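First the structure, in the form of structure tokens, and then the observations on it.
Predicted, not measured: the structure shown is a model, and the values here were computed from it.
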Amino acid sequence: MRAQETAKSDSSSFSEKEKSWEEKMSDVFRDVWRGLGADKNARSMTSTALATASVDLRELENSYTVRLHLPNRNLDKVQITWENDILRIAAPAEGKAAPYQQAIALSRVAPDAKPQIERKAQDNMIVVTVPKSTLGKVVPPLALSPMPSAPDLWDQDVLAEMSRMQRQMDRIVEESFSPYRSTPLFQGYFNQLRFGSSVDLQEENGNYVVRAYLPNRDMNNVNVTVKDLTLTIEAKAEDGDKSKDGKQLSQKAYYSQLLTLPGPVKIDKMVIDRKTDMLVITLPKAS
């Protein structure tokens with residue numbers, strides 16, 4: 001009986017700690033993108049921002065946590081649905097912000113799962129928690145890609161900040177969870193990065209320029225298509241790290257991003273520059 005009471009007390013304490021460090025991770029996510037947005041506004045003299053969205057997906061033992069940063073939007077208008085193993089995010093056009101959609105495939109989630117949605121208007125952020133139907137396996141953190149030497153300072157800053165942000169979030173989990181590692185009840189717990197991404201749509205010198213930041217992805221496996229006014233960026237699931245004996249330890253999730261372009265473009269003149277961890281898509285505006 002005493003053992004059961006102890007386990008219950010430990011579980012309650014752990015839940016409180018978990019909520020605390022998830023809030024800390026959300027704060028890191030918010031501050032990084034808020035800072036980058038302010039920095040870009042200060043620098044930008046020849047371009048007009050049309051859409052920006054940043055995503056962080058993490059897998060926990062019993063759920064997934066998706067953080068969305070959607071500046072310059074009314075978050076109450078953002079629709080989030082779960083159907084056929086796909087979490088869909090849809091933000092309508094608003095002011096100068098173009099429509100934005102994202103689809104994320106999640107495994108081991110019950111079809112009737114009901115995502116918990118927290119809208120933090122003051123932070124331009126939405127946090128979505130999707131419960132799993134079964135327990136996941138413990139996997140080590142994904143390795144971070146080395147930073148590329150990008151000619152554009154903004155591109156370099158975004159990639160550097162995304163990498164720094166993920167290290168900070170991993171550190172919060174590592175430091176907060178360490179007191180519980182010796183407790184059998186929590187040895188199956190993990191908080192694993194599945195992917196982080198950011199997409200930015202700008203109007204520059206008669207072109208629409210989309211920058212998609214996709215750390216730890218093979219850019220050759222990312223497909224880009226345009227139909228009418230819809231730009232689709234799609235990345236298939238990829239195998240992640242392997243153990244020393246060659247066994248697969250993790251997988252990077254499938255996802256797609258859809259952006260509605262503000263006007264017609266010359267699709268046959270589209271240029272895609274595949275850099276390390278990033279795509280730069282240039283679409284000349286049709287006259």
Side-chain angles (χ1 to χ4, degrees), residues 22-23 25-38 40-41 44 47-58 63-106 109 111-131 158 195-203 208-214 225-235 253-265 281 283:
E22 288 292 339
E23 286 292 335
M25 292 167 69
S26 292
D27 289 345
V28 170
F29 181 76
R30 174 204 63 204
D31 291 343
V32 164
W33 294 116
R34 178 182 289 172
L36 279 170
K40 185 163 191 176
N41 290 336
S44 181
S47 62
T48 301
L50 300 173
T52 299
S54 305
V55 182
D56 179 87
L57 168 64
R58 283 184 170 259
S63 64
Y64 292 96
T65 298
V66 182
R67 294 177 176 85
L68 305 164
H69 183 251
L70 299 167
N72 305 315
R73 295 185 186 273
N74 181 347
L75 299 188
D76 290 333
K77 296 181 179 180
V78 179
Q79 296 183 347
I80 299 174
T81 58
W82 169 257
E83 187 177 9
N84 298 327
D85 298 331
I86 302 292
L87 182 71
R88 300 186 185 278
I89 300 108
E94 190 171 355
K96 292 183 178 180
Y100 170 82
Q101 297 179 54
Q102 177 143 18
I104 307 171
L106 301 177
V109 178
D112 59 350
K114 295 182 179 180
Q116 298 175 13
I117 303 170
E118 183 180 6
R119 302 173 193 267
K120 300 183 177 184
Q122 71 277 14
D123 297 330
N124 300 313
M125 181 169 62
I126 298 176
V127 180
V128 184
T129 303
V130 184
V158 171
F195 76 80
S197 71
S198 179
V199 63
D200 182 70
L201 170 61
Q202 300 275 329
E203 184 177 349
Y208 295 124
V209 179
V210 178
R211 292 177 174 85
Y213 307 94
L214 310 170
T225 58
V226 178
K227 184 176 181 181
D228 298 327
L229 295 181
T230 301
L231 170 72
T232 301
I233 303 170
E234 184 177 34
Y254 157 87
Y255 76 99
S256 68
Q257 291 180 332
L258 283 74
L259 281 174
T260 300
L261 300 170
V265 296
I281 307 159
L283 294 151

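Applying the side chain to side chain contact (heavy atoms under 4.5 Å, CB included) rule to Pro264 yields the partners Leu229, Ala286; only residues at least two apart in sequence or on another chain are considered. With sequence neighbours left out, the side-chain hydrogen bond (donor to acceptor under 3.5 Å, both in side chains) criterion links Asp85 to no other residue. With sequence neighbours excluded, the residues that form a side-chain hydrogen bond (donor to acceptor under 3.5 Å, both in side chains) with Ser26 are Arg67. Applying the side chain to side chain contact (heavy atoms under 4.5 Å, CB included) test to Gln101 and every residue at least two apart in sequence or in another chain returns Ala90, Leu258. Listed by chain and residue number, nothing satisfies the side-chain hydrogen bond (donor to acceptor under 3.5 Å, both in side chains) test with Glu94 (two or more places apart in sequence, or in another chain).
The structure places CD of Gln116 at 12.5 Å from CD1 of Ile80, a figure rounded to the nearest 0.5 Å. Separating the CD1 atom in Ile104 from the CG atom in Leu68 is a distance of 6.5 Å, to the nearest 0.5 Å. Separating the CG atom in Leu106 from the CD1 atom in Ile86 is a distance of 7.5 Å, to the nearest 0.5 Å. Expressed to the nearest 0.5 Å, how far OG1 of Thr81 lies from CD1 of Ile89 amounts to 8.5 Å. The distance from atom OH of Tyr208 to atom CD1 of Ile281, rounded to the nearest 0.5 Å, is 15.0 Å.
Taking both residues in full, the closest heavy atoms of Pro131 and Ser63 are given as CA-CB, 4.0 Å, listed atom of the first, atom of the second, then distance. For the residue pair Ala53 and Tyr100, the shortest heavy atom distance occurs at CB-CZ, 3.4 Å. In terms of heavy-atom proximity, Gln102 sits nearest to Ser197 at NE2-OG, 4.2 Å. Of all heavy-atom pairs between Leu201 and Thr260, the closest is CD2-O, 4.5 Å. Pairing each heavy atom of Ala103 with each of Arg88, the nearest pair is CB-NH1, 3.8 Å.
Counting heavy-atom neighbours within 6.0 Å of Asn72 CG, excluding the residue itself, gives a total of 12 or less.
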Solution key, residues 117-126 side-chain donor-acceptor pairs under 3.5 Å, sequence neighbours excluded:
| residue | atom | partner | partner atom | Å |
| --- | --- | --- | --- | --- |
| Arg119 | NH1 | Leu75 | O | 2.5 |
| Arg119 | NH1 | Val78 | O | 2.9 |
| Arg119 | NH2 | Val78 | O | 3.3 |
| Lys120 | NZ | Glu23 | OE1 | 3.1 |
| Asp123 | OD1 | Arg34 | NH2 | 3.4 |

